[in-house]
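Below is one structure; the comments refer to it alone.
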Amino acid sequence: MSQPSIPKGTRDFSPEIMVKRNYIFGIIRQAFERFGYMPLETPSMENVETLTGKYGDEGDKLIFRILDSGDYLKEVGDDTLQTRNLNQLTKSIAEKALRYDLTVPFARYVVMNQNKIAFPFKRYQIQPVWRADRPQKGRYREFYQCDADVVGSDSLLNEVELVQIFDEVLTKLKVPSTIKINNRKILYGIAEVAGIADRMMEMTIAIDKLDKIGEDGVIQELRGREFNDDSINVIKGLFGMTGDNESRLNAISVMLRGSETGQKGVDELKSIFKDVQTLGLNDCEIELDITLARGLNYYTGAIFEVKAKNVQMGSICGGGRYDDLTGIFGLKGVSGVGISFGADRIFDVMSELNVFPSGTDSTTQVLFVNFGKEEELYCMKLLRDIRKAGINAEIFPEAAKMKKQFKYADDKGIPFVATVGTDEMSKGQVSLKNMKTGDQKMISVDDMIEAIKS
RNA sequence: GUGGUCGUAGCUCAGCUGGUAGAGCUCCAGAUUGUGGUUCUGGCUGUCGUGGGUUCGAGCCCCAUCGAUCACCCCA
């Protein structure tokens, strides 16, 4: 390999970018902990069987499998090789796979540790996940998810709090957004009323595309999937709904009077809306989106999706309630609900909106200019003190030209430069320059610490 | 997995119906021996993504391959 490269859809994160990414992770982590969620980490790789079958057929194809070590063809039957049976083959040569999301490993963890866990169990998890998707805008093969889930509680209070977390984080990050909410029970109710309960998934995939391909597009898609006109007419009834969240919910309630499940979904959403309205949100707004479907198969109740306002970008967060995720692993009757922040997309949105606060350019707050051996040691004593005072500081490691040293500070985005030569040393002071305003003053060390901290 | 567009200096790109590569920015040095970002002057930079083919001759045409990017599917 002559030119080094990295795998498709992966990225290096430079120090400048990492400072900003860590800022985002920090805000999210802080919010999770503020709401009582505890950290959890699971391995990058899981057993293949843990992951397969949880994300639908499409999802299974996007799971990265890890080739077994050693002579992995030894155990493979000749007929498997002969018939080129891919499913059979991958099963016998890859027993591990990279995690595809954080929810399924979490469910696995809960089942494995059900006797040690105090329910309701609230955990958050900030780790990368991998998908063998073809990369495109805002879409990577390795990306971070920041999940918070609570299992072992049916209460809708959890949904309300999760909406508050969305609002708190996105308000702090200066990314005003619309939190779209729907309920799988309503979608089921619609399918039921339309007489296509067994094909709910297909129906939701079609209506999910409404804002992309329009009413006619959705109808065409439904026809393409060979739904009959009666069913399509019922679904059409959704498109005409206008008004605020409450009045649309009422309209849906009327439409779904024949479906018990559908009514339950309406009631759940009404309760969530009422509470959220009473408590109020900061910079986000919550909106009923009856076409919201979301791909993940395991959602059974509320579903969330968050879109940043004023930016062309797919959803930046998602989430929902799943009644029986742990059931697949043998633990029945544990309901959970969770949300996920797409940190990579949030980063892209914040870059586009230019809303990173100052101080996310550099971690170093002040650079000391190096004049030579004698001044160097004097500065290092000062450094010891101001570092103790909680300031990130460094000294240029050699007595290079001033131009070069100042340029280094400028390139790194360091906000202050301290110059200490014989003059300052004799007065016991430092010359502190604010790199943004260009102001420079000779002041005491204590005053310098004050100036940098403020 | 399917389809479109594009690969030329560190970056953004120009390069005529085929005649052996250029601009801006960046970078480096100096103007300024205790001051960056602005200004001026000078300088460095290329297996034209890779491999093959056509041709007297290929950055340009043909094939393959790799990568990037966009859309579809799906999704954070």
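Convention: sequence-line order gives letters A, B, ...; per-chain numbering from 1.
Of the N and O atoms on the side chains of A:N282 and A:D167, at least one donor lies less than 3.5 Å from an acceptor on the other residue. There is a side-chain donor-acceptor pair under 3.5 Å between A:Y55 and A:D101. Remark: the A:T10 side chain and the A:E142 side chain contain no N/O donor-acceptor pair separated by less than 3.5 Å. No side-chain donor-acceptor contact under 3.5 Å links A:Q429 and A:S444. A:T52 and A:D60 form no side-chain donor-acceptor contact under 3.5 Å, judged by distance and modelled atom types alone. A side-chain donor-acceptor contact under 3.5 Å links A:N228 and A:S231. For the residue pair A:N370/A:E376, the side-chain donor-acceptor check at 3.5 Å is satisfied.
Secondary-structure stems of RNA chain B, taken as three or more successive Watson-Crick or G-U wobble pairs (i with j, i+1 with j-1) under a 3.5 Å distance threshold, comprise B:1-7 with B:66-72, B:10-13 with B:22-25, B:27-31 with B:39-43, B:49-53 with B:61-65.
Each of A:V169, A:V306, A:I316, A:I27 was evaluated against A:I346; a single residue qualifies, A:I316, per the side-chain contact (heavy atoms from CB on, under 4.5 Å) test.
Within residues 429-444 of chain A, the residues approached by RNA chain B to less than 4.0 Å at the level of any non-hydrogen atom are A:S431, A:K433, A:M435, A:K436, A:G438, A:Q440, in residue-number order.
With hydrogens and angles ignored, no donor-acceptor pair closer than 3.5 Å exists between the side chain of A:E375 and the base of B:G34. Looking at A:D410, its side chain has no donor and acceptor atom pair within 3.5 Å of the base of B:G37.
Listed by first and then second residue, the salt bridge (Lys or Arg N to Asp or Glu O under 4.0 Å) pairs involving residues 40-52 of chain A are A:E46-A:R108 (not counting sequence neighbours).
Here the separation of B:C25 from B:U41, taken at their P atoms, is 11 Å to the nearest Å. As rounded to the nearest Å, B:C60 and B:G43 have C1' atoms that lie 31 Å from one another. Distance noted for atom P between B:U54 and B:A58: 11 Å (whole Å). Nucleotides B:C70 and B:A9, compared at atom C1', are 27 Å apart to the nearest Å. Spacing of C1' atoms, B:U55 relative to B:C44, comes out at 36 Å, to the nearest Å.
Atom CZ of A:R134 is separated from atom P of B:G67 by 10 Å (rounded to the nearest Å). Remark: P of B:G37 and NZ of A:K403 are 5 Å apart, rounded to the nearest angstrom.
Of the two residues contacting RNA chain B, namely A:S340 and A:P7, the nearest-nucleotide position lying further toward the 5' end is that of A:P7.
Stacking between A:Y408 and B:G36 is absent: the ring centroid is not both under 5.5 Å from the six-membered base ring centre and under 30° in plane angle.
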